[in-house]
Amino acid sequence: VSEDIYQKCSQLIHEESEALSIAGLIVPMMTPFDDQLEIDLEAYADHIDWLAERGIKRLLIGSHVGERASLTINERIKLLKVALEYFPWIILFDVTCQSLAETKALAQKAEALGVDIIVATLPAGMGTLTREGVIAYFNQIEASVEQPLFLLHDKHNQSITLDTSW
């Protein structure tokens with residue numbers, strides 16, 4: 001994406017961040033690896049450009065689709081930084097870690113870097129929490145940041161069903 005287009009789109013998005021719309025397609029980014037099993041940041045940036053050039057307006061970075069469980073927090077931050085550099089539209093970032101403290105810290109770091117929307121899900125093994133426990137968990141994440149928090153429900157990883165009655 002050209003620098004001019006990026007700057008115009010980015011400024012527009014951030015000026016109207018209170019009216020962010022996520023209606024429509026949200027593309028979960030996969031993480032490409034090279035032959036040494038290191039993240040291929042060039043291929044990642046190229047794919048982001050390719051998606052932007054084809055009209056994609058929303059990316060989800062760092063979810064289970066993007067190999068979240070096999071990446072360090074620093075690697076996840078690198079992916080977010082590349083996305084923020086190359087993608088001028090709405091970026092959602094999954095901050096889920098195995099501990100609540102790491103999840104909150106990652107959410108705060110993502111917010112400081114300029115992500116548009118924080119995304120979280122229950123980490124593996126927490127699917128047996130009570131309804132109240134789940135609500136308390138997400139309330140703590142939400143209280144740690146000012147950006148909107150979206151809940152991602154992974155029905156294959158959790159025995160709890162989230163619904164609108166909560």
Distance check, rounded to the nearest 0.5 Å: K81 atom NZ versus I61 atom CD1? 14.5 Å
Would you say V95 and V145 make side-chain contact, with heavy atoms under 4.5 Å? no
Does W50 share a hydrophobic cluster with I91, counting links as ILVMFWY side-chain heavy atoms below 4.5 Å and allowing steps through other members? yes
Any idea which heavy atoms bring I118 and A110 closest together, and the distance? CD1-CB, 4.0 Å
So, for R76 and G62, which heavy atoms are closest and what is the spacing to 0.1 Å? NH2-O, 4.0 Å
Might you point out which heavy atoms bring I117 and F150 nearest each other, and give the distance in Å? CG2-CD1, 3.2 Å
For A136, all residues meeting side chain to side chain contact (heavy atoms under 4.5 Å, CB included), sequence neighbours excluded: none
Does the side chain of M29 come within less than 4.5 Å of L51's, by heavy atoms? yes
Among all residues two or more places apart in sequence or in another chain, which pass the side chain to side chain contact (heavy atoms under 4.5 Å, CB included) test with A45? V82, Y86
Locate the shortest heavy-atom distance separating W89 from I56; write the atom from each residue and the value. CD1-O, 3.6 Å
Looking at side-chain heavy atoms only, is the closest gap between L92 and D116 below 4.5 Å? no
Using the side chain to side chain contact (heavy atoms under 4.5 Å, CB included) criterion, which residues pair with K78? Sequence neighbours excluded. L41
Taking all non-hydrogen atoms of both residues into account, name the closest pair between C97 and T103 and its distance. N-OG1, 3.0 Å
Would you compute the distance between atom CD1 of I73 and atom CG of L80 and round it to the nearest 0.5 angstrom? 13.0 Å
Taking E75 for the side chain and I39 for the main chain, is one N or O donor matched with an acceptor at less than 3.5 Å? no
Side chain to side chain, L84 and F93, heavy atoms closer than 4.5 Å: no
Only pairs at least two apart or in different chains count here, so list each salt bridge (Lys or Arg N to Asp or Glu O under 4.0 Å) that has a residue in residues 89-103. R68-D94
To the nearest 0.5 Å, what is the distance between CD (E132) and CG (N139)? 11.5 Å
Is there a path of hydrophobic side-chain contacts, each under 4.5 Å between heavy atoms of I, L, V, M, F, W or Y residues, that connects M30 with L37? no
Are L106 and I77 packed together at the side-chain level, in the sense that at least one heavy-atom pair is separated by less than 4.5 angstrom? yes
Side chain to side chain contact (heavy atoms under 4.5 Å, CB included) partners of E146, counting only residues at least two apart: E111
Please tell me if the side chains of L71 and L79 come closer than 4.5 Å, counting only heavy atoms from C-beta onward. yes
Close side-chain approach of Y137 to L100, heavy-atom, < 4.5 Å: yes
Where is the tightest heavy-atom contact between I141 and K104, given as atom of each residue plus distance? CA-CG, 4.1 Å
